[in-house]
Amino acid sequence: MAGLFISFEGIDGAGKSTHIEGLAQALRAQGRTVTLTREPGGTPLAEKLRTLVLNDPMDAMTEALLVFAARRDHLQQLIEPALARGDVVLCDRFTDATYAYQGSGRGFDAQVLRVLEAWVQAMPASTALRQPDLTVWFDLDPAIAARRLTGARAPDKFEAQPADFFRRVAQGYAQRMAQDPQRFARIDAAQSREAVWQDALQAVKNRGWLT
Ligand code: TYD
C-alpha cells in the first residue's frame with residue numbers, strides 16, 4: 001500500500017489531539033500501520049528543539065529556523081522512512097503551522113518561509129515538495145478556544161499569547177487553505193466533540209482511505 005501523510009492543524013485549544021488518536025485507531029482497525037507523530041518534534045533532536053521553541057523567548061526568524069530544522073530531521077529520520085514502508089503518517093501540525101504562527105501570528109516574512117519550505121521539503125529526483133496528502137484543519141473562533149484553554153495545564157509560550165495573536169494565526173490558516181483548497185478539509189471545531197469526530201472521520205473516508 002502507498003504511504004499516506006495526513007496533518008492536523010488548528011489554533012491552540014481547537015481540540016485536535018483526541019481526534020488524531022481516534023483516527024489512528026480507526027485506521028489500525030482496517031489493517032493500516034500508523035505512525036503517530038507531531039511537530040515541532042517526532043525525533044529525539046526535534047523534541048529538543050521543540051522544548052526550546054515552546055519555552056525560550058526568541059525572535060520570529062530564530063523560531064522559524066528552529067521549526068524548519070526540527071522538520072528536516074523529522075522528515076529524514078521518521079516521516080520519509082514511514083511513508084516508504086507504506087505507513088499512514090498522522091502528524092499533529094506541519095508547515096501550515098509555521099505560516100500561521102511564525103508568519104501570520106508573529107509577522108515573519110512568508111517569502112522567506114517559502115524558501116525554507118522549498119529547501120526542507122525537497123524530495124530527491126523530483127521538483128515536487130513533500131506535502132501532506134490531506135490536512136485536517138480544526139477551525140475554531142479564537143474566543144472559544146481561549147475559553148477552552150482557561151484552567152487547562154500551565155500555558156506554554158504560544159498558549160500565553162493574547163487573543164489578537166490567535167486571530168492572526170486563524171487568518172493564517174484560512175489563507176493557507178485558500179492557496180491549496182484540495183489539500184484541506186476544514187472542520188467546524190465549535191460543534192460538539194462527537195460532531196467534530198464524525199467530520200474528521202468523514203474527511204478521511206471522503207478520500208477513500210477508510211470505509
Ligand atoms: P501543540 O501542537 O498545541 O501541542 P500541545 O497540544 O502539546 O500543546 O503545541 C505546539 C505549539 O507550537 C503550538 O502553540 C503551535 C506552535 N508551532 C509553531 O509556532 N510553529 C510550528 O511550525 C509548529 C509546528 C508549531
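One-based numbering, in listed order, for ligands and for the atoms of each. The first residue in the sequence is number 1, and the count goes up from there.
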| Do side-chain atoms of Asp109 reach the backbone of Gln111 as a donor and acceptor pair under 3.5 angstrom? | yes
| field | Within 6.0 angstrom of Met61 CE, more than 12 heavy atoms from elsewhere | value | no
| For atom 14 (O) of ligand 1, which protein heavy atom lies nearest, and how many Å away is it? | Asp12 OD2, 2.9 Å
| query | What's the shortest distance from atom 22 (O) of ligand 1 to any protein heavy atom, and which residue and atom give it? | reply | Thr98 OG1, 2.6 Å
| Side-chain (Arg93) to main-chain (Gly10) donor-acceptor, under 3.5 angstrom | yes
| said: With the threshold set at under 4.0 angstrom, would you say Glu63 reaches ligand 1 through any of its heavy atoms? | reply: no
| task | Kindly check if the number of other-residue, nucleotide or ligand heavy atoms within 6.0 Å of NZ (Lys48) is above 12? | result | no
| query | Can you list the steps and then say if Leu210 with Lys205 is a side chain to side chain contact (heavy atoms under 4.5 Å, CB included)? | reply | CA-CA 5 Å; Leu210 268 177; Lys205 287 182 178 171; 3.9 Å; yes
| Nearest-contact summary for atom 6 (O) of ligand 1 - protein heavy atom, Å | Arg153 NH2, 3.9 Å
| query | Okay, side chain of Arg71, backbone of Glu39: is any donor-acceptor separation there less than 3.5 Å? | reply | no
| field | Closest to atom 10 (C) of ligand 1 (judged by heavy-atom distance), picking from Lys157, Gln102, Glu159, Arg93 | value | Arg93
| said: Can you name the atoms of ligand 1, numbered from 1 with element, that are less than 4.0 Å from a heavy atom of Glu39? | reply: 24 (C)
| task | Under the side-chain hydrogen bond (donor to acceptor under 3.5 Å, both in side chains) rule, what do Ser104 and Arg168 come out as? Steps first, then yes or no, please. | result | CA-CA 6 Å; Ser104 297; Arg168 291 195 300 276; over 6 Å; no
| What part of Leu54 sits under 4.0 Å from ligand 1 if we count only heavy atoms: the side chain, the backbone, both or neither? | side chain
| field | Chi angles and distances behind the ring-ring contact (aromatic ring centres under 6.0 Å, His included) call for His19, Phe138 | value | CA-CA 10 Å; His19 302 301; Phe138 296 85; 5.8 Å; yes
| note | Min over Glu9, Arg106, Arg50 of heavy-atom distance to atom 7 (O) of ligand 1 lands on Arg50
| said: Please confirm whether His74 approaches ligand 1 to less than 4.0 Å, judged on its heavy atoms. | reply: no
| message | Which of the numbered atoms in ligand 1 are under 4.0 angstrom from any heavy atom belonging to Arg71? | response | 22 (O), 24 (C)
| remark: Closest heavy-atom approach to atom 25 (C) of ligand 1 among Ala46, Pro40, Ala14, Gly10 is made by Pro40
